[in-house]
Amino acid sequence: MNTIPLLQINNISVVYSDVIQVLKGVSLTVERGTIVSLLGSNGAGKTTTLKAISGLLKPENGRVTDGTIMFDSKTVQNSAPEDITRMGIIQVLEGRQPFKYLTIEENLRVGTATRWGKPYKRDMDMIYEYFPPLIKRRKSLAGYCSGGELQMLVIGRALLAHPKLLLLDEPSLGLAPLVVKEIFRIIRRINEEQGTTIILVEQNAAMALQIAHYGYVMENGKIVMEGKAEELRENPDVREFYLGMAASGTTKSYRNVKSYKRRKRWL
Amino acid sequence: MRKLQFHPCGNYSETYEKEITLFETDFGRAAVLIGLIVLFAVVPFITGPYALYVVNIIGITSIAAIGLNILVGFTGQISLGHGAFVGVGAYAGAIMATTLSLPFWIAVPAAGLVTALVGMVFGVPSLRLKGLYLTIATLAGQFIIEYILVHWEGLTRGTMGIVLPSASLFGIVIEGDRSFFFVIFTALIIMTLAAANIMRTRYGRAFIAIRDNDRAAEGMGIPIFRYKLLAFAVSSFYAGFAGALLAYYMISISTEPFNLGLSVEYLAMIIIGGMGSIAGSIFGATFITVLNEVLRWLTDFLMNSGMLEGMQLNMAPLRELVFGAAIVLFILFEPRGLAEVWRIVRSSFRLWPFSY
Amino acid sequence: MEFFVQLLVNGISIGFLYGLAAMGFVMIFKSSSVLNFAHGELLAAGAFIFLTLVTWAKIPVFVAFLVTLAGSFLLGFIVERLFLRPLIGEPLIYVIMLTVGLASIFKGLMLLVWGGNLYIYPDFLPSTISLQWGNINIPPVYVVAIIIGLFFLTLFGLFFKYSSQGIYMRSVADNQTASLSLGVNVRRVFALSWAIAALVAGMSGIVLGIINGINVHDLSSVGLKVFPVVILGGLDSIGGAILGGLIIGLLETFTGGYLSPSLRDVIPYIALVFILMVKPYGLFGLVEIERV
Ligand SMILES: Nc1ncnc2c1ncn2[C@@H]1O[C@H](COP(=O)(O)OP(=O)(O)OP(=O)(O)O)[C@@H](O)[C@H]1O
Ligand SMILES: [Mg+2]
């Protein structure tokens, strides 16, 4: 059994367009077979962290200027996305980006790009088994599917690449609570049955911390807190700022000066 | 007396007026003045007739190139019909001079106005079309105008062409390269200053806003359709003005020169000169005109020297080849064109011997 | 009536060729948003490579045809590699003007080598494949043009619908970032679309050469006819390109036949302006799916 972590990010800085520094020394470790959740407010730099891992910073004119990203003990920072995806890192983009003019089935086939030429029929069946609603929409254009179907589609599409590390960016965005629940259940199942390591970026901290093993909290381009998921769930700061409850369990009050100070301490 | 201003090291503009001023320093103003004096007092008297002819053509071409740069370089609407607009101007000028017997000083600006109208007609698709679709619409405009010029024989005398009467201004007959030189370059200076000043007004800023992001420009309350039409009109006015001048200068005109090749040549001028730079338009016009002449001279030389006996070498392939290579090389290696090269040379002189 | 049918057949076969040329053009545009002004030159290059192989190297016609297709494929690939790739992400006008410059270079080279003369291929099409109904006679090349047109249409239809590379190409045209995130080799897609476009153009060039003779200027001006065709069909619709080709081909031959030969060359552009006024994104252009 391989004991070195699957992914080790060591103190990276990311700069867009040579001037806008977004990540300021982020470090995180992802053990094999775990779900790691990355939490934080809007603009904290979660998406940027994922893009730094998957190499998708490049088309946006961003760059890792400092630090290292080790995947399976190989450095991957600033590599081309083509190479990184072939090593087994697949990112599911924020905001569900289907190929609108391709059918569901064709969308799924694009997922096999890193395994071009290998058979994919069995994998396809597996995806339909995980996401039954997709079956009856197989032949219809993705552009006309509902948000929930699309979220299933883009996760399924990524699974077809047989990722070792799956990066999920806000899969609950804009979905009805029941659908969110369903999606999270499937994510958990994928992790358990396929052994896929997952980094899960979420606004919905309560849900994320329920299925994750470990969690990180980001603010302003830095990691401000980390710990086992159950510890984070119990942590008063997290409860207050991300789970929306005061330590006692009642809703929080903005006038509480003490909490303001606690928040400041992180930054 | 106010203090003479030299170039400070760095951008120290404190007011908006200072930022948009044409000449940053008195030194720059003086240099331009000296340049103009040399241009008018020396050039026409030391050059032979052929060289003066080339200089005149450069002057006329520059006017049209400035027009195209306003549309493409400043407003971001790519037009493939500029050559046809120059043709419209030439024919409008010729028809006014012959059929309507209008004097030179009316015919030329009036030809500009007529062309501006035609330009606006072809600018109308910009109401609904953006980017590539608009470019293709101007391509269609090029072909349609060409067709009309050739086939509306009642007006344009078709392939026979039109011969113009000689021009006269303030009772003086303008004849020969030297007198045309003064007319052409006075016009060029006026048109250059006009263009530079348009770009400093809110119209110019609206053009640039549309180029950079038309959605945002619209959001800021710029009526983009009206401004796009205006850009088409101004650009075609320049083209028409230049075309009419050309018609008078060449004495007789025909439809052939105003084809798609000419439109492409004008685009090449502003790319090679520098998009969004008025001085660049003049550099580009100079570059392409001189290139054409050099190639013509080279092919003549090769033909006459008998070195290529038996090979039917003519100007066309060589011209196409060099012309294409110039465009490709500039785009790949100096996309901001000669204007940028000039800026670099100038600033390295200014900073010499202490660069940095 | 005979005249009418004759024109109809001519129009359809020319239309197929325009449509095929336009298809390559649309492919480049869909994958990399490049308007290729050198398309006519790619067409002419195919015709001339074939000419040289057949008349000068005296290679059997069918082999020469295949070699020409391979050569065109390679040419498209090289053009993308050397010239277009460095410009990925640059403003539109530079990309457009680069292809204009390339067109000029190609044209110059071809004029240097072959001059501006009109050549004709030796007669190699068997006369048995011509069709004859009463007084209506359809010469072999038109039959060949229609067969080749239908064949490649089906071939590419299948390619884009079922093959993995075809689906990857469509995915890049649809959403480039998403394709990148799934490991689609976007650069290979660009290169492939140029290569295939050049191949189809070369083939259209050969057939047009058989019909009208081979001349640098004539063939490269066909590259400009592609514009009305693609506007008619919608810049991003491959099926539309073929339909647009047919319509423009018919419009041209009927105008030439019944109205006036000189109007023939400009009628496609007049149609273009009207279409742009009425349906700016073409008759068959994809309706933008705005939801999601
Ligand atoms: N291409 C870019 N160029 C410049 N700045 C960018 C770019 N992309 C993101 N940023 C900036 O980087 C910061 C972090 O963005 P990022 O998308 O990583 O945040 P996030 O944590 O994913 O937020 P959210 O929860 O809203 O998705 C933001 O301030 C954003 O403005
Ligand atoms: Mg994000």
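Convention: sequence-line order gives letters A, B, ...; per-chain numbering from 1.
Note: Leu93(A) leads Thr112(A), Leu93(A), Leu160(A) in heavy-atom pairs under 4.5 Å with chain C. Counting heavy-atom pairs closer than 4.5 Å to chain A, the top residue among Val184(C), Val186(C), Thr177(C), Ile167(C) is Ile167(C). Per-residue heavy-atom pair counts under 4.5 Å with chain A were compared for Ser164(C), Ser171(C), Ala178(C), and the maximum is reached by Ser171(C).
For Phe274(C), the CZ atom sits in a loose shell: 12 or fewer heavy atoms of surrounding residues, nucleotides or ligands are nearer than 6.0 Å.
Within the 4.5 angstrom heavy-atom criterion, atoms from both the backbone and the side chain of Arg109(A) approach chain C. Contact annotation for Arg157(A): both backbone and side-chain heavy atoms come within less than 4.5 Å of a heavy atom of chain C. At a 4.5 Å heavy-atom cutoff, the contact between Leu102(A) and chain C is made by backbone and side-chain atoms alike. Ser54(A) does not touch chain C: none of its heavy atoms, backbone or side chain, sits under 4.5 Å away. Heavy-atom distances place both the backbone and the side chain of Arg187(C) under 4.5 Å from chain A.
Note that CD1 of Ile90(A) is 11.0 Å distant from OG1 of Thr196(A), once rounded to the nearest 0.5 Å. Distance check, rounded to the nearest 0.5 Å: OG1 of Thr68(C) to CG of Leu199(C) gives 10.0 Å.
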Carefully, step by step, assess Tyr216(A) and Leu39(A) under the rule side chain to side chain contact (heavy atoms under 4.5 Å, CB included).
CA-CA 6 Å; Tyr216(A) 289 87; Leu39(A) 309 173; over 6 Å; no

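Between Phe159(C) and Met169(C) the shortest side-chain heavy-atom distance falls below 4.5 Å.
The distance between the ring centers of Tyr269(C) and Phe227(C) does not fall below 6.0 angstrom.
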